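All values derive from a computational prediction rather than experimental measurement.
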Amino acid sequence: MASPIQTKIAGMKDWLVEIRRTIHMNPELGFEEVETSRLVAGWLEKFALQVTKGMAKTGVVGLLQGGKAGNTVAIRADMDALPLEEANQVPYRSRVKGKMHACGHDGHVAILLGVARLFSSLREEVKGNIKWIFQPAEEGGGGGRVLVEEGVLENPKVDAIFGAHLFPDLQIGKIGIHEKEGLAATDRVIIKMIGRGGHGAYPHLSRDPILAAGHLITQINSIVSRSIAPLDSAVISIGKIQGGTAFNIIPDEVEILGTVRSLNPRVQEDLKSRLEQVTQGVARSFDLDYRFDFQYGYPPLVNDPEMSHLVASACAKGIGKENVEFINPSMGGEDFAYYLQKVPGSFFRLGCRNEEKGIIHPFHNSSFEIDEDVLPLGVEMFARIIDQYLGLKLFKCELRNAE
Ligand SMILES: [Zn+2]
Ligand SMILES: [Zn+2]
């Protein structure tokens, strides 16, 4: 039997779908989410929340102060789309050439608005405060970092934060939770091997950066296997190598770019120092100069285990324990990590895959799609997490097999 709140959420489905599709048709890239942000602020104002606009350019924050005192819990959605041409032939396909919501952020926004609509009608029952964070630029722009720097976690001070990502690897109806480490640091390495160019027929008169680059790539690929403990996680992938102009010319230099990923700061620092040592060693062995640049990306995303167990227990009460899984970390990245550096919380996954409907494509694919049944489900999961964290007991009906 559904509780009155579940019935209320089920009744929102068409509205949630309409919001998601409106955003889907009008995708905007990071820090340019002007219309999306206007749509969000408009609804939050309609729900009579306190609304702050213009944080991190296009960010919107909503605040509901409950009828009674208590903690402050925040939930977050990202709003940006990707520079990608949509391949789906659906009535609500992207109307902007070369831009697409192919990471499900349109769904994240709709879900958080659904949670806002729900709690705006339950204001008197809320002990404490609920903060909604709609952030720009998750896809590489680090909108989350900017919001944290601009004080989004203050006034009132946030005690716990939760976020979710739609997840095409997981069946609709299921929740995946990372107990502690969830996603990786997304650092970049840029290396230049600097030699001295010359004729390919007379290598002894040159210093060849091409041969050195070949050795360097092989050496780099021994770092994870030989310098990192087998039970730690790390990956280095060289994605770009550039140098040379013709078959018979030894070039002056070769540039090598790679992504460097790890799940904790200790491994991150080991990778950085080993990369530099190996670069220096190879350069010296070929009598070359080098330039080494290590650029930090998003930090590793580390959940608070206590908060992850709260998510598991709250979600199980709605969908049953059998649909809640603890899952391995992924070596992708997420700028939700910046919030978790300041405040305990948990970032979890909402399954949106449905093979019967052909919804099987991965993130960032031009055929990416979500099962829209995840929208009301996502609203319920966030509502249950907030309910449990603030101790509200709004859901009178709980699944008996939850524990
Ligand atoms: Zn993405
Ligand atoms: Zn994403």
Side-chain angles (χ1 to χ4, degrees), residues 140 142 169 178-198 200 203-303 327-335 337 341 362-364:
D169 292 355
H178 306 290
E179 188 179 25
K180 193 162 179 252
E181 284 92 1
L183 288 123
T186 58
D187 304 328
R188 249 174 237 204
V189 67
I190 301 165
I191 298 167
K192 256 187 194 162
M193 295 308 261
I194 304 166
R196 194 173 64 223
H204 57 293
L205 301 178
S206 300
R207 296 209 187 102
D208 184 359
I210 297 246
L211 179 61
H215 280 260
L216 179 60
I217 291 168
T218 310
Q219 291 280 310
I220 284 174
N221 275 282
S222 71
I223 293 175
V224 173
S225 76
R226 301 293 90 180
S227 304
I228 301 299
L231 295 180
D232 279 330
S233 300
V235 62
I236 304 173
S237 289
I238 301 300
K240 186 174 175 187
I241 168 161
Q242 198 165 26
T245 53
F247 77 101
N248 58 355
I249 300 173
I250 292 170
D252 283 324
E253 56 182 50
V254 173
E255 191 176 53
I256 297 163
L257 281 79
T259 185
V260 185
R261 291 169 183 243
S262 53
L263 293 175
N264 72 58
R266 175 177 48 80
V267 173
Q268 184 181 33
E269 288 311 308
D270 285 350
L271 291 172
K272 182 186 173 203
S273 65
R274 285 296 292 139
L275 271 164
E276 180 150 24
Q277 283 168 0
V278 164
T279 302
Q280 192 176 40
V282 171
R284 184 167 297 167
S285 74
F286 286 92
D287 195 20
L288 305 185
D289 288 329
Y290 71 94
R291 207 152 297 145
F292 181 85
D293 185 16
F294 191 89
Q295 297 175 349
Y296 289 96
Y298 294 167
L301 180 147
V302 185
N303 285 334
I327 56 175
N328 283 333
S330 134
M331 299 311 274
E334 232 305 329
D335 79 349
Q341 283 184 327
F363 296 129
H364 295 211

Closest heavy-atom pair and its distance - V282, M193: CG1-CE, 3.8 Å
Answer whether the closest heavy-atom distance between the side chains of Q280 and F292 falls below 4.5 Å. no
So do I190 and E255 actually touch side chain to side chain, heavy atoms under 4.5 Å? yes
Measure the spacing between CG of L288 and CZ of R284 and express it to the nearest 0.5 Å. 12.0 Å
Can you find a pair of side-chain heavy atoms, one from L263 and one from D232, that are under 4.5 Å apart? no
Taking the side chain as C-beta and beyond, is there a heavy-atom pair between D208 and F286 under 4.5 Å? no
Working to the nearest 0.5 Å, report the span between NE2 of H178 and CD of E334. 9.5 Å
Applying side-chain contact (heavy atoms from CB on, under 4.5 Å) between V224 and each of V260, V235, L271, report the one that passes. L271
Step by step, would you call V189 with L257 a side-chain contact (heavy atoms from CB on, under 4.5 Å)? CA-CA 6 Å; V189 67; L257 281 79; over 6 Å; no
Are D293 and K192 close enough for a salt bridge, meaning some N to O gap below 4.0 Å? no
Among residues at least two apart in sequence or on other chains, which ones pass ring pair (Phe, Tyr, Trp, His ring centres under 6.0 Å) with Y290? none
Is any side-chain heavy atom of T259 closer than 4.5 Å to one of S237? yes
Strictly distance-based, threshold 3.5 Å: is any side-chain N or O of N221 a donor or acceptor partner for the main-chain N or O of I217? yes
A side-chain contact here means heavy atoms from C-beta on lying under 4.5 Å apart; do P329 and L183 qualify? no
Check: S227/R274 side-chain N/O donor and acceptor closer than 3.5 Å: yes
Inter-residue atom distance I249.CD1 - S206.OG, 0.5 Å rounding: 10.5 Å
Flag for D187-Q268: side-chain donor and acceptor within less than 3.5 Å: yes
For R207 and I194, indicate whether the former's side chain and the latter's backbone hold a donor-acceptor pair under 3.5 Å. no
Is there a donor-acceptor pair closer than 3.5 Å between any side-chain N or O of R261 and the backbone N or O of M331? yes
To the nearest 0.5 Å, what is the distance between CD on E276 and NZ on K272? 7.5 Å
Do the non-hydrogen side-chain atoms of P209 and I250 ever get within less than 4.5 Å of each other? yes
If you define the side chain from C-beta out and look only at heavy atoms, does anything of I220 sit under 4.5 Å from I191? yes
